[in-house]
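Notes follow once the structure below has been shown.
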Amino acid sequence: MLEHILYYKTIPSPIGSLRLYASQKGLCAVLFHGGRNHKIMFDGAIEQSDDHPMLKRAEKQLLEYFSGKRKHFDLPLDMRGSIFQLKAWKELQQIPYGKTISYGEQAHRVGDRKKARAVGMANGRNPLPIIVPCHRVIGSSGALTGFGGGIKTKQQLLEHERKYLG
């Protein structure tokens, strides 16, 4: 396996097929079938691999999540984005399983409550939904807003977590 290659695998899930991408450094992306596609910030080759160790590990943990047995992911991540995006995505990882916060609260935690819109844009470019749980961020009114996999999927993920919160 070479450093300049991304490997991918498509797995089934209760919310539809997910395509996982990994580099030698870690998991790079989780893309929803039929959802908004995110540009993967990568210049090398992309190759299918059903036996890449990182992809197998991510698949196992996602299956555990969907069966209610996993509430935290323990995977090396290879996130690629701007400094602000990386900061926003790191803050997403601090939101507890089954809980939600507003975009304004996330912006406050990132350092500036006035940047709620910028946080929303960064979350919209999150290449690792579910693993980096952008679905846990909602509008200040409590409304479900924007999600790369669609609002229905966001609702399903939140309901799933509430079901297994106990």
Side-chain angles (χ1 to χ4, degrees), residues 6 8-22 26-42 55 58-59 61-75 77-165:
L6 276 188
Y8 75 90
K9 176 180 189 168
T10 302
I11 65 167
S13 85
I15 57 170
S17 296
L18 300 173
R19 181 164 284 182
L20 313 178
Y21 287 85
L27 193 65
C28 299
V30 175
L31 302 182
F32 296 101
H33 177 74
R36 282 191 317 230
N37 284 329
H38 298 276
K39 180 181 176 192
I40 298 174
M41 297 175 71
F42 185 73
L55 296 174
E59 177 182 22
Q61 290 192 23
L62 281 162
L63 292 173
E64 291 169 350
Y65 169 84
F66 284 117
S67 69
K69 296 176 182 158
R70 176 173 291 276
K71 292 180 174 59
H72 304 281
F73 292 93
D74 180 25
L75 297 165
L77 304 179
D78 184 7
M79 299 189 76
R80 300 155 191 227
S82 71
I83 293 169
F84 183 79
Q85 287 171 334
L86 293 170
K87 195 173 181 181
W89 299 338
K90 182 174 179 154
E91 191 54 50
L92 290 172
Q93 295 173 316
Q94 305 308 309
I95 305 169
Y97 180 94
K99 304 291 183 188
T100 58
I101 65 170
S102 70
Y103 292 96
E105 175 59 25
Q106 184 186 1
H108 174 72
R109 292 177 183 188
V110 168
D112 187 348
R113 184 172 283 284
K114 295 177 186 171
K115 293 196 175 188
R117 189 174 298 245
V119 160
M121 302 233 353
N123 290 357
R125 289 183 170 77
N126 172 16
L128 288 159
I130 306 169
I131 308 287
V132 177
C134 52
H135 63 278
R136 296 181 189 154
V137 183
I138 59 175
S140 59
S141 68
L144 301 185
T145 58
F147 186 65
I151 297 297
K152 181 180 175 188
T153 301
K154 184 173 190 167
Q155 182 174 3
Q156 289 173 313
L157 290 168
L158 292 172
E159 287 172 0
H160 165 79
E161 291 185 4
R162 277 189 227 111
K163 176 180 174 182
Y164 290 104
L165 190 55

What distance separates [X] [atom1] from [Y] [atom2], expressed to the nearest 0.5 Å?
X      : Y      : atom1 : atom2 : answer
Met79  : Leu27  : CE    : CG    : 9.5 Å
Glu59  : Ser13  : CD    : OG    : 11.0 Å
Met121 : Gln85  : CE    : CD    : 9.0 Å
Leu55  : Leu6   : CG    : CG    : 9.5 Å
Thr100 : Glu161 : OG1   : CD    : 10.0 Å

Donor-acceptor under 3.5 Å ([X] side chain, [Y] main chain):
X      : Y      : result
Gln106 : Ile101 : no
Lys9   : Ala22  : no
Lys154 : Thr145 : yes

Decide, yes or no, whether a salt bridge links Lys163 with Glu159 under the criterion of side-chain N to carboxylate O below 4.0 Å. no
Does any part of the side chain of [Y], heavy atoms only, come nearer than 4.5 Å to the side chain of [X], both counted from C-beta?
X      : Y      : answer
Leu18  : Phe32  : yes
Leu128 : Tyr21  : no
Ile15  : Ile130 : yes
Gln156 : Pro14  : no
Glu105 : His108 : yes
Arg136 : Leu92  : no
Arg125 : Trp89  : yes

Provide the closest heavy-atom pair for [X] versus [Y] in the form atom of the first, atom of the second, distance.
X      : Y      : result
Ala107 : Ala116 : CB-N, 3.6 Å
Leu165 : Gly98  : CD1-CA, 4.0 Å
Ser17  : Thr10  : CB-CG2, 4.0 Å
Ala122 : Ala88  : CB-CB, 3.9 Å
Asn126 : Val132 : ND2-O, 2.7 Å
Gly81  : Leu86  : O-CD1, 3.7 Å

Sorted by chain and number, sequence neighbours left out, side chain to side chain donor-acceptor pair (under 3.5 Å) with Glu64 holds for Lys60, Arg70
The criterion is side chain to side chain donor-acceptor pair (under 3.5 Å); which residues satisfy it with Lys115, sequence neighbours excluded? none
Parallel, tilted or perpendicular: rings of His135 and Phe147 (30°, 60°): perpendicular
Name the orientation class of the two ring planes belonging to Tyr97 and Tyr65 (parallel below 30°, tilted from 30 to 60°, perpendicular beyond 60°). perpendicular
Yes or no on side chain to side chain contact (heavy atoms under 4.5 Å, CB included) for Val137 and Val119, after CA distance, side-chain angles and deciding distance? CA-CA 10 Å; Val137 183; Val119 160; 5.5 Å; no
As a quick check of understanding, evaluate side chain to side chain contact (heavy atoms under 4.5 Å, CB included) for Asn123 and Tyr103, giving each step before the final call. CA-CA 9 Å; Asn123 290 357; Tyr103 292 96; 3.7 Å; yes
Does the pair Ile131 and Leu62 meet the rule for a side chain to side chain contact (heavy atoms under 4.5 Å, CB included), with working shown? CA-CA 8 Å; Ile131 308 287; Leu62 281 162; 3.9 Å; yes
